[in-house]
Chemist: 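Let me give you the structure first, and then I'll get to my questions.
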Amino acid sequence: STILGLIGICAGLLIALEGYLPLKRVLFTFGFVDAATLAAIVAWNAEPPNGYNTRGVLYPVVLGVSGLVGAILWMFLPAQVALFAHTGTGAIALLLWLNTLRSGGLVTSTVARGFALALFPICAGLLALYADERFMMPASAAAAGMLLTAVGVDSFLRCGYAFGMVASVTAGDVGVALLEEYELTMASMVLAGLAAGFALISLTYMLLRDRCERHKPKPEPKPKPCLEVWFFWLC
């Protein structure tokens, strides 16, 4: 869990600072996070009540392999598809953060949590296709970076914040039982507040940086030497 925590912190910081830029390393990180998150949700819900015998090895391998496959695929996605996927990831991160703000979760019903986790990312992704991309990409990157960084920090602090995240995406009676066990302690409350502040700072930073880069004067192209100069040089 220490290694996964360090990966979460590093990925969260990268997404929170550069998540709005169409860079290869950003697309790779976003793809890794998207695919690993989906694989984790499937693995958590498929886990039997008594757990896996090789749980400590199985989860890192599943998350690592699925994350690498997703990262490679994400680097070749069309721009509109990548925007839809990234915004959906940010929406899921925001939902998970909201559901951990109360002991037992804000939404305890499995059906309600399932509808929220399915519909909210789709609606956010569709909105991103028609809204201003200059705001949607930084907003989704700030939310995703907030979630990854907070979960990574919680792997060291052990204040139960990551446990609330896992319980929020677990379906069936197991998910309801896990949410009943989740308690919003003072430590997890402080971590949630710091995560929200980090997301706001990240969003402000990316918006200001994008604004400065868009208004930066472009360097004028150097004039090409005319034919007379070339002829004189050859002579």
Chemist: Say you draw a straight line from CD1 of Ile72 to CZ of Phe32; how long is it, rounded to the nearest 0.5 Å?
Modeler: 11.0 Å

Chemist: Check whether Leu63 and Val151 end up in the same hydrophobic cluster, where Ile, Leu, Val, Met, Phe, Trp and Tyr are linked by side-chain heavy atoms less than 4.5 Å apart.
Modeler: yes

Chemist: Nearest 0.5 Å, please: how far is OH in Tyr130 from CE in Met136?
Modeler: 13.0 Å

Chemist: Could you give the distance from CG (Leu200) to CE (Met146), rounded to the nearest 0.5 Å?
Modeler: 9.5 Å

Chemist: Answer with yes or no whether the hydrophobic clustering places Leu194 together with Leu94; edges join I, L, V, M, F, W, Y residues whose side-chain heavy atoms lie under 4.5 Å apart.
Modeler: no

Chemist: Could you tell me which non-hydrogen atom of Ala142 sits nearest to which non-hydrogen atom of Ala199, and how far apart they are?
Modeler: CB-O, 3.5 Å

Chemist: If I compare all heavy atoms of Ala192 with all of Trp97, which pair ends up nearest, and what's the gap?
Modeler: O-NE1, 3.2 Å

Chemist: Are side-chain heavy atoms of Leu157 and Val153 found at a separation under 4.5 Å?
Modeler: yes

Chemist: Same hydrophobic cluster for Ile92 and Leu38, using side-chain heavy-atom links shorter than 4.5 Å among ILVMFWY?
Modeler: no

Chemist: Is there side-chain contact between Leu127 and Phe84, with heavy atoms separated by less than 4.5 Å?
Modeler: no

Chemist: Any donor-acceptor pair under 3.5 Å linking the side chain of Ser188 with the backbone of Leu184?
Modeler: no

Chemist: If we ignore hydrogens and angles and just use 3.5 Å, is the side chain of Ser202 paired with the main-chain N or O of Ala16 as donor and acceptor?
Modeler: yes

Chemist: CG/Leu14 to OG1/Thr149 distance, rounded to the nearest 0.5 angstrom?
Modeler: 10.0 Å

Chemist: Give me the atom names and distance for the closest heavy-atom approach of Cys159 to Asp154.
Modeler: SG-OD1, 2.8 Å

Chemist: Which heavy atom of Ala150 sits nearest a heavy atom of Leu191, and at what distance?
Modeler: O-CD2, 3.8 Å

Chemist: Ignoring hydrogens, what is the shortest heavy-atom contact between Ala35 and Gly70? Give both atom names and the distance.
Modeler: CB-CA, 3.6 Å

Chemist: Are Leu98 and Phe198 connected, step by step, through hydrophobic side chains (Ile, Leu, Val, Met, Phe, Trp, Tyr) whose heavy atoms are closer than 4.5 Å?
Modeler: yes

Chemist: How many angstroms lie between SG in Cys10 and CD1 in Ile15, if you round to the nearest 0.5 Å?
Modeler: 11.5 Å

Chemist: Contact between Ile9 and Leu148 at the side-chain level, heavy atoms closer than 4.5 Å - yes or no?
Modeler: no

Chemist: Could you tell me the separation between the CZ atom of Arg113 and the CG atom of Leu95, rounded to the nearest 0.5 Å?
Modeler: 11.5 Å

Chemist: State, to 0.1 Å, how close Thr29 and Ala11 come at their nearest heavy-atom pair, and which atoms those are.
Modeler: CG2-CB, 3.8 Å

Chemist: Is there a chain of hydrophobic side chains (I, L, V, M, F, W, Y, each step under 4.5 Å between heavy atoms) that links Ile201 to Met137?
Modeler: no

